[in-house]
Amino acid sequence: MSENPDDERLEELREQKLQELQEQAQGQGQNQEAQQAAEDQAERQQEALLKQYLTDGARQRLNAVEMSKPEFAKQVKRQVTALAQSGRVNGRIDEDQMKELLRELQPDQKSFDIRRR
């Protein structure tokens with residue numbers, strides 16, 4: 001006996017849906033790859049600017065900050081990049097200027113006074 005026509009139609013619909021899902025997944029994979037490539041390119045550009053505008057001492061200080069506070073270091077890198085791109089950096093940023101920049105960008109620390117009775 002042959003299969004029921006409804007079963008055949010149902011199987012066709014399943015195959016179409018499976019094909020659509022596979023195409024959609026493939027498209028998303030390509031979008032993610034393109035986005036990752038763009039992020040990598042932006043990071044390489046930022047690193048090139050930092051090498052151009054930071055002295056060795058300033059880069060070492062920034063790397064030390066990055067080891068302990070990666071999010072804060074990203075913020076500092078973005079700030080230095082923005083300053084360099086806007087033309088507000090005269091020459092290169094040395095270690096003392098980096099210290100000052102870190103102090104300015106560092107969020108206010110909360111201090112606690114502990115008193116013993």
Side-chain angles (χ1 to χ4, degrees):
M1 286 187 118
S2 67
E3 292 184 15
N4 187 347
D6 291 338
D7 290 342
E8 290 175 10
R9 178 71 180 141
L10 185 60
E11 187 62 31
E12 280 181 32
L13 290 173
R14 283 184 184 151
E15 288 177 14
Q16 284 179 349
K17 186 65 174 175
L18 179 62
Q19 182 67 27
E20 288 173 8
L21 289 173
Q22 287 174 343
E23 289 173 2
Q24 184 180 15
Q26 186 179 18
Q28 287 177 348
Q30 290 173 349
N31 288 343
Q32 289 174 346
E33 290 173 7
Q35 183 179 6
Q36 182 65 34
E39 288 175 5
D40 290 345
Q41 177 67 22
E43 188 173 323
R44 283 193 300 272
Q45 288 176 345
Q46 183 181 44
E47 289 300 320
L49 271 176
L50 291 174
K51 284 181 182 179
Q52 181 180 354
Y53 286 100
L54 297 180
T55 62
D56 290 337
R59 265 191 309 207
Q60 288 175 352
R61 178 149 314 263
L62 187 56
N63 288 338
V65 169
E66 189 171 24
M67 297 295 278
S68 62
K69 299 178 182 178
E71 290 301 317
F72 180 61
K74 284 182 185 178
Q75 177 188 1
V76 173
K77 286 180 179 182
R78 283 192 302 264
Q79 184 69 29
V80 170
T81 303
L83 289 172
Q85 288 175 341
S86 68
R88 293 177 21 199
V89 175
N90 297 327
R92 296 180 78 180
I93 297 174
D94 63 7
E95 189 174 1
D96 291 331
Q97 291 171 325
M98 179 58 72
K99 284 180 188 178
E100 185 62 32
L101 184 62
L102 290 170
R103 271 191 225 107
E104 288 177 12
L105 294 176
Q106 188 173 19
D108 293 334
Q109 294 182 351
K110 297 178 183 175
S111 64
F112 297 96
D113 292 331
I114 299 174
R115 297 181 188 170
R116 294 185 178 213
R117 295 182 187 188

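Every heavy atom of this structure was used, including side-chain atoms; hydrogens, water molecules and symmetry mates were not. As the structure is a computational prediction, the values presented were derived from the model and not from experiment.
In terms of heavy atoms, L62 sits closest to A73 at CD1-O, 4.3 Å. D94 approaches T55 most closely through the heavy-atom pair CA-OG1, 3.3 Å. When all heavy atoms are compared, the tightest approach of V89 to Y53 is CG1-CD2, 3.7 Å.
To the nearest 0.5 Å, atom CZ of residue R59 and atom CD of residue E66 are 13.0 Å apart. Expressed to the nearest 0.5 Å, how far CD of Q79 lies from CD of E104 amounts to 9.0 Å. Here the straight-line distance linking atom CZ of R92 with atom CG of D56 works out to 6.5 Å at 0.5 Å rounding. With rounding to the nearest 0.5 Å, the separation of CZ in R61 from CD1 in I93 is 14.0 Å. Remark: K74 NZ to Q46 CD distance equals 10.0 Å, nearest 0.5 Å. Put simply, CD on Q75 and CD on Q106 are 10.0 Å apart, with the number rounded to the nearest 0.5 Å.
The closest side-chain donor-acceptor pair between Q36 and D40 falls under 3.5 angstrom.
When side chains are defined from C-beta on, Q16 does not count as touching Q19, because their heavy atoms never get closer than 4.5 Å. For the pair E95 and K99, the minimum side-chain heavy-atom distance is below 4.5 Å.
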Go through it in stages, so that I can follow the logic: the residues are K17 and R14, the test is side-chain contact (heavy atoms from CB on, under 4.5 Å), and I'd like the CA-CA distance, side-chain angles, deciding distance and then a yes or no. CA-CA 5 Å; K17 186 65 174 175; R14 283 184 184 151; 5.8 Å; no

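For the pair E47 and R44, the salt-bridge criterion is not met [side-chain N within less than 4.0 Å of a carboxylate O].
Between the side chain of E23 and the backbone N or O of E20, no donor-acceptor pair lies under 3.5 Å.
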